[in-house]
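Note sheet for the following structure.
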2 protein chains.
Amino acid sequence: MSTIRDVSALSGVSRGAVSRVLSGDSTLRVSAETRERVLAAARELDYVPNHAARALRTSRSSTLALVVPDVTSAVFAELARGAEEQAGAHDLTIVLARAEQLAADSTWMQRVVGEGRVDGVILQAPDNAPDRMVDGIVERGMPLVLINSADDGPVATLVLDDAAAIRVAVEHLHALGHSDIGFVGGVPGGATAGRRLNGFQRAVSQLGLHTRPEWSTTIGYSGDDGRRAVAALTRTSALPTALVVANLNAALGVLAELHARELRVPDDISIVALHDVWYADATWPPMTTVRMPLRELGAAAVSMLLAQKPGEPADHRVVHFPPPQLVPRASTARVPAS
Amino acid sequence: MSTIRDVSALSGVSRGAVSRVLSGDSTLRVSAETRERVLAAARELDYVPNHAARALRTSRSSTLALVVPDVTSAVFAELARGAEEQAGAHDLTIVLARAEQLAADSTWMQRVVGEGRVDGVILQAPDNAPDRMVDGIVERGMPLVLINSADDGPVATLVLDDAAAIRVAVEHLHALGHSDIGFVGGVPGGATAGRRLNGFQRAVSQLGLHTRPEWSTTIGYSGDDGRRAVAALTRTSALPTALVVANLNAALGVLAELHARELRVPDDISIVALHDVWYADATWPPMTTVRMPLRELGAAAVSMLLAQKPGEPADHRVVHFPPPQLVPRASTARVPAS
DNA sequence: CTGAAAGCGCTAACAT
DNA sequence: ATGTTAGCGCTTTCAG
């Protein structure tokens, strides 16, 4: 590995000047010829600045951590892409981590946050996250943005417009003539679950549609939770003609359980789910979904983190653009003329 | 942030001794009392060693990168967990990265590999990975283990026993009385695809079963590829009574397309897929799968990376334990008495 | 058994 | 317009 000394020696320019040329210091005035010599030498030697030395000197790591409950969640890739693009624009690197790891391995916080391996953290905490997850970061004075969680509090937050997405789903069903609509939601107290349920109730009442308390389940977002939700729904006297499912994973379970009970989708009941990911297209029938601006969420989270000034009150934002968008497939249809 | 100086001052022990006590230097003999004073001071001051300084001094980052084509692939979480556990046992941190990012952002290689932010890389290259992805890492002298890719060559590799997993699937179908078996595989030339196809052909012939060339498709692993595979299969004169699908994502598409063509699973055709992940249980019917030792793969990859000595020939290993295991669900059944 | 000191590679303040 | 130098925080010889 060649160092800045080598570049200095080869180009005959001092280390200080080399450093400033190479890091694009704008306040620097060097002759074009000197700059060229430095650049040529650096290229010649395949010079790459040593990260540890730079980090030690500047006390910044130029790295941000993106921590999510489940990297495997299909929505995550888009989020990560948005964050990486935005970070790249600022010459920052994103490292991905699993919240489970953060929770399970008490040394993670110490190693990554305590030792200063990152300059900031974007965290989507699991619904049941222990407070110390957030506290541990804040206490260490590490900049932090919480995504898709509560939308207030002492820590900066950024959320999707869950209510708007649900409204898109409800409007779609309304346009298809449905008036009896049920809701498969997340566990009460869950970060996004409340916003989605509220959004559902508001949309239904504003559009003059009909629902019943027992048509709303709040069991959870997993595939199994979806199955259980259907089991619960079928215990009610009459089923709605359509279901808004607040999460696509749950929607898979919903679909499976409806099949098991020989209810046909969309003939007997229409389904529309939140989040548009690849397997929405690989279910049977293919699932009508609402696409949410996840990439923008990732990008905005990075921007918020960078904009954070110590001492200023925590910012709370909502990603409004692009608005949630319906992706019509085959799981929704006109309400049958009964 | 308190530094080692502060600990030294507070404890009245020299910096050198403090460093050795704190990093658990085994060759060190200190009085129990001195050690206690140091530990107490460190605790008192919430001392955490600065990562950049340590990395600069030791020229090791204590960090490994785990790079995969698709973090969203459900198999990935388990792989990551295995790697993280093994890494943690050696006081190493794993950072996750997306291969797409590596390919798209030419600065990633420079930043992460070139600047020495990591000590080694575990890479699952996408099937269509450009050679420079691997070359860029090797050229920089960075230790590298390739997982689930080719199983030879100048770079160390670690693969799952794909053939054994396929054999488990075929044996299961055999036990259910199937003798006409088809195969939905990945694109030819794909890293794992060849091993799986070979495994299939070998298992079928060893068990005295029957297949036909046109019952083997090699379109790909995506949900859409699965749909296309079924479309291709149904163009053949007669369908097999069972299908081994080399990837669960493709299996979702297979299931959807069979539904669309009103073929019943498992009544008309049985399906068994590779990789057991959550949504195997959320399909209709729930999918019989073969579980593979992904966690062990992750752990073993870390071990291989650590065992790597420069100058020694590249190691090529296969993860044999625990062996692939059948997870029976409802997508397979006895062959119908025709 | 413990202390002193060099130096990892870089940047930024200060000299020239 | 370029060169010099101190020092970021740590580990690790080497002397004591």
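Every heavy atom of this structure was used, including side-chain atoms; hydrogens, water molecules and symmetry mates were not. Please read all numbers here as calculations on a predicted model, not as lab measurements. Letters A, B, ... are given to chains in the order of the sequence lines, protein chains preceding strands, and every chain is numbered from 1.
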Q: Scan residues 294-304 of chain B for pairs that pass side chain to side chain donor-acceptor pair (under 3.5 Å), counting only residues two or more places apart or in two chains.
A: E85(B)-R295(B), Q86(B)-S303(B)

Q) If only side-chain N and O atoms of S23(A) are considered, is one of them under 4.0 Å from the OP1 or OP2 phosphate oxygen of dT11(C)? A) no

Q: Name the nucleic acid region contacted by G12(A), choosing base, sugar-phosphate or nothing; use a 4.0 angstrom heavy-atom cut-off, strictly under.
A: sugar-phosphate

Q.
Between Q101(B) (side chain only) and E84(A) (backbone N and O only), is there a donor and an acceptor less than 3.5 Å apart?
A. no

Q.
Any side-chain to backbone donor/acceptor pair from R111(B) onto T93(A)? Under 3.5 Å, distance only.
A. no

Q: Output yes when at least one side-chain N/O atom of T34(A) is less than 4.0 Å from OP1 or OP2 of dT2(D), else no.
A: yes

Q) Under 4.5 Å between any side-chain heavy atoms of V13(B) and R37(B), yes or no? A) yes

Q. Does N50(A) or R15(B) map to a spot on DNA chain C nearer the 5' end, using the closest nucleotide for each?
A. R15(B)

Q: Please state whether the phosphate of dG9(C), meaning OP1 or OP2, lies under 4.0 angstrom from any side-chain nitrogen or oxygen of T3(A).
A: no

**Q.** D46(B) and R140(A) ion-paired at < 4.0 Å
**A.** no

Q) How many Å lie between CZ on R35(A) and C1' on dA1(D), as a whole number? A) 12 Å

Q | Rounded distance in Å - OH (Y47(A)) to C1' (dG9(C)) | A | 7 Å

Q) Separation of R60(A) atom CZ from dG9(D) atom P, in whole Å? A) 16 Å

Q: Would you kindly give the CD-to-P distance between E36(A) and dT2(D), to the nearest whole Å?
A: 13 Å

**Q.** Donor-acceptor pair between N148(B) and T192(B) side chains, under 3.5 angstrom
**A.** no

Q. For DNA chain D, which residues in residues 51-59 of chain A have a heavy atom at a distance below 4.0 Å?
A. L56(A), R57(A)

Q.
Please report the distance, rounded to the nearest Å, between CD1 in I4(A) and P in dG3(D).
A. 13 Å

Q.
Quiz question: by atom type and distance under 3.5 Å, do the side chains of D151(B) and H316(B) form a donor-acceptor pair?
A. no

Q) Atom CZ of R20(A) and atom C1' of dT2(D): how far apart are they, to the nearest Å? A) 7 Å

**Q.** Atom pair distance, as rounded to whole Å: CG in L22(A) and C1' in dA12(C)
**A.** 16 Å

